[in-house]
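Shown next, in structure tokens, is the structure this report addresses.
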Amino acid sequence: MNKDKDALQALQKYFGYSSFRHEQSAIIRQVLNKKDVLALMPTGGGKSLCYQLPAVIFDGITIVISPLIALMKDQVDNLNVNGIPAAFLNSSQNPDEQLKLTKQLRENKIKLLYLAPERLYNNDGKLIGFLKTLNICLFAIDEAHCISHWGHDFRPEYLALASLKTDFPGVPVIALTATADALTKKDILDKLKLHQPEIYISSFNRDNITYRVNRKKDSFKQLLAFLDEHKEEAGIIYCLSRKSTELLAVNLKQYGYKAAAYHAGLDHELKAKNQEEFLRDDLKIIVATIAFGMGINKSNVRYVVHMDLPKNIEGYYQETGRAGRDGLPSEALLLYSPADAMKLRQFAMIENNPEQSQIMLNKLNDMVHFCELQACRRQFLLKYFGEDFPANCNSCDFCLTEYTRFDGTLIAQKALSAVVRLKENFGINYLIDFLRGSKSDKIWASHKELKTYGIGAEISKNDWLSYFNELITMGYLQPTDGAYPVLKLTPQSLIVLKGEQKVAFIEREVIDNHKPTASLPYEIELFAELKNIRKEIAFNENLPPYVILSDATLIEIATYLPQNLDELRQISGFGDVKLARYGRDFLLPVVNYCQLNNLTSKITLKAPKRERKASNPNKITDTATESFNMYKSGKSIADIAAFRGLSPNTIEGHLTQFIFTGELDVSIFVTEDKIQPIKEAIESYGPETLSPLKEVLGDDFSYAEIKAVIAWMRKQGSI
Ligand code: ADP
Ligand code: ZN
């Protein structure tokens, strides 16, 4: 119970959030109780907080195992900006830097240490030996599926983590991943030897992402139309081939978009540059192969476009999941053509491995099924991951679209008779050529004699592809497994052939009700201004802008228009340290904007972010009185501290309370020259929380000095 309260307070103080998402709360409770945990959460679900929050509460060090340097750096930046001391061990650090870090660790000055798995056990176990001398409170294994052969991203380095539980028997381990089927899950538990683990599986639903699949016609034109509605926003565009990423990036640049390519074949520096510029919002669009994305924590990616068909649902879901980590409405668009599916079928064949090939083909077929679907896409995706969901999500193209259908019984009958005539022995392409009366030699001479040959010549090849796929989706045809599936009839096909059932096809031209991104009533101009300010700060601090504050936070500011720091504190994403560091920078433009436009604060419309402790700051506690009595009897602060087993800081804190009562003078604690700057800081930030004050005042000022001035100002009635 108490731990829950501590966790909520820390959430507010360090991260500026008012409530937990998904299973975060339960997971964190378990970790704080030193239990082993496996947490499955979707990309963007908020896994990091599950170990970062316990890490700030524990009095020792949390070790985070993470596979990618880029990811570690991002997380460390994020933590540092929130005032949480974190670092990573990295091969690029020189001995001096390593020595400094070692010292900080020994002195328990680091809360989170990020490590690549291969570092942990190399060098004759020296590092492990060193870690054993530290006060390690928690191990967090990020991307835990990497330990399993069954996962899609096996990394042998992860296997070394098997010894963790033996080397650190009492230290809890939390394993986290966004992708784990039953086999991988079991593998993670077994390999890490987790002790009576609690397993948490969050819903994989990403409700701020709208899923759309459009038939690919003129893909570049379709893309431009889409981008036209997302001009100022950041997005990732995935292509299948390296060449097409480069080509597309060039084309987009010609249309004025800030775009660059990213694929594994580019040289290291260029890749790093493009990625960095994207993270920093200098580049709006990354056109990439799937090599791009893992380790990209950029929270304000507003859309993900797939120009080509992904190979499986797992990949598609992970890639689309990179949109909207900040929780704001985001788009996933896939341009689908049945021809792409054909192409991929050939790639799916793995030589001399029919079993693996079959798995890949089945996965591809599921992907095709998803694209051809005439039902809620979200429901399909979640069902794929084993979750139930109602049939209308209201945020996929199917749910947002009014479809018009036409009677396609005749077309269906033509298609089905062709299947019958060709004895259920041929695939879609052959059937279409046959129906269209192709003169090609590929069509058997005997087939050219049949009555059905050429009865569908008036329908284009592409339309036939769609009709066939619709017939499959509706269950009138059944493709066989394998690289070259042939179409078989089903019991329903016979009913259609007999004319006992009509078939309705969907009109290609459909009406999409969806207005581009649900319009939040925020001040758009102000939002743009706030983004510029963020960019400037980010540039000065050499950090990506989203690390400073998320888009969601800026939009909240532009919605609720806070007029002072107390109001700003109620905006989600402002922890104490961020408030102290950046609060004023963001407040000033809001106040000006409101004056110019005759607007006032709307902060009261916002649900209260947190309850502040209602304790009376002027009430003196018994323990403070005890310290004061000892002080009066002539003991020094150090003596009192030693005698009472408390820190000198605490004793000073006790004594400053007697400034308020007038029994002690402020000058005992603070020299004259320091009073004024402290007073100014208190006037700006308020006396409620000390850490922002300490943050702005810097190392030259102690907590006791700040507390003394607060008490003194209270006595004067100036606060
Ligand atoms: P994951 O690692 O699961 O992909 P992250 O840990 O990067 O997701 O979290 C995604 C985003 O959600 C981050 O910007 C994070 O700050 C934010 N977030 C996490 N938990 C909360 C919360 N309880 N309230 C508000 N935002 C949160
Ligand atoms: Zn839907």
Side-chain angles (χ1 to χ4, degrees), residues 7-8 10-12 14-28 39-53 64 66 68 71-72 74-75 77-79 81-82 84 140-144 174 176-179 200 202-213 293-301 317-318 320-328 330 332 370 373-383 389-401 512-514 544-553 556 571-575 578 609-610:
L8 259 179
L11 180 70
Q12 176 58 61
Y14 291 99
F15 299 92
Y17 299 140
S18 55
S19 57
F20 289 109
R21 274 188 195 163
H22 300 296
E23 314 278 324
Q24 279 176 339
S25 174
I27 294 170
I28 288 167
L40 277 78
M41 257 189 214
T43 309
K47 285 185 284 298
S48 326
L49 204 78
C50 297
Y51 54 85
Q52 290 175 346
L53 194 89
V64 187
S66 173
L68 294 168
L71 198 80
M72 292 187 205
D74 201 89
Q75 297 241 349
D77 284 346
N78 240 316
L79 288 161
V81 162
N82 277 321
I84 301 164
I141 320 273
D142 208 1
E143 312 286 355
I174 174 170
L176 309 109
T177 173
T179 46
Y200 292 92
S202 297
S203 167
F204 270 59
N205 183 25
R206 292 288 310 279
D207 56 10
N208 60 323
I209 300 181
T210 301
Y211 298 95
R212 287 166 201 282
V213 180
M294 177 131 167
I296 296 301
N297 264 350
K298 182 178 167 70
S299 66
N300 58 344
V301 174
Y317 203 64
Q318 205 171 38
T320 54
R322 294 186 181 126
R325 279 169 188 266
D326 53 13
L328 295 175
S330 307
F370 170 77
L373 195 68
Q374 286 158 41
C376 175
R377 296 205 200 269
R378 186 181 307 274
Q379 185 188 41
F380 178 97
L381 289 170
L382 291 173
K383 197 162 154 211
F389 198 83
N392 184 355
C393 75
N394 216 11
S395 54
C396 73
D397 50 1
F398 183 83
C399 295
L400 291 167
T401 304
D512 189 334
N513 282 333
H514 189 56
Y546 65 92
V547 169
I548 306 292
L549 287 172
S550 74
D551 277 19
T553 299
E556 266 204 19
I571 299 292
S572 179
F574 268 107
K578 278 191 183 168
K609 193 165 90 161
R610 63 171 154 177

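Whatever order the structure lists them in is the order used to number ligands and atoms, beginning at 1.
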Starting from atom 7 (O) of ligand 1, locate the nearest protein heavy atom and write down its residue, its atom name and how far away it is, to 0.1 Å. R325 NH1, 3.5 Å
Taken in chain and number order and not counting sequence neighbours, the residues that satisfy ring pair (Phe, Tyr, Trp, His ring centres under 6.0 Å) with F398 are Y403
Report the part of P42 (side chain from C-beta onward, or backbone N, CA, C, O) that has a heavy atom under 4.0 Å from ligand 1; answer both or neither where that applies. backbone
Hey, is D326 one of the residues with a heavy atom under 4.0 angstrom from ligand 1? no
Numbered atoms and elements of ligand 1 in range of S19, under 4.0 angstrom, heavy atoms: 22 (C), 23 (N), 24 (N)
Under 3.5 Å: N/O of S299 near N/O of ligand 1: no
So, does S550 sit close enough to ligand 1 that a heavy atom of it is under 4.0 Å from the ligand? no
Which residue, N205, N392, T210, forms the side chain to side chain donor-acceptor pair (under 3.5 Å) with R378? N205
With a 4.0 Å cut-off on heavy atoms, is M41 touching ligand 1? no
How many protein N, O or S atoms are found at a distance of less than 2.8 Å from the Zn ion (ligand 2)? 4
Tell me which one of F20, Y51, Y17 gets a heavy atom nearest to atom 25 (C) of ligand 1. Y17
Where T177 and A144 come nearest, the two heavy atoms and their spacing: CB-N, 4.0 Å
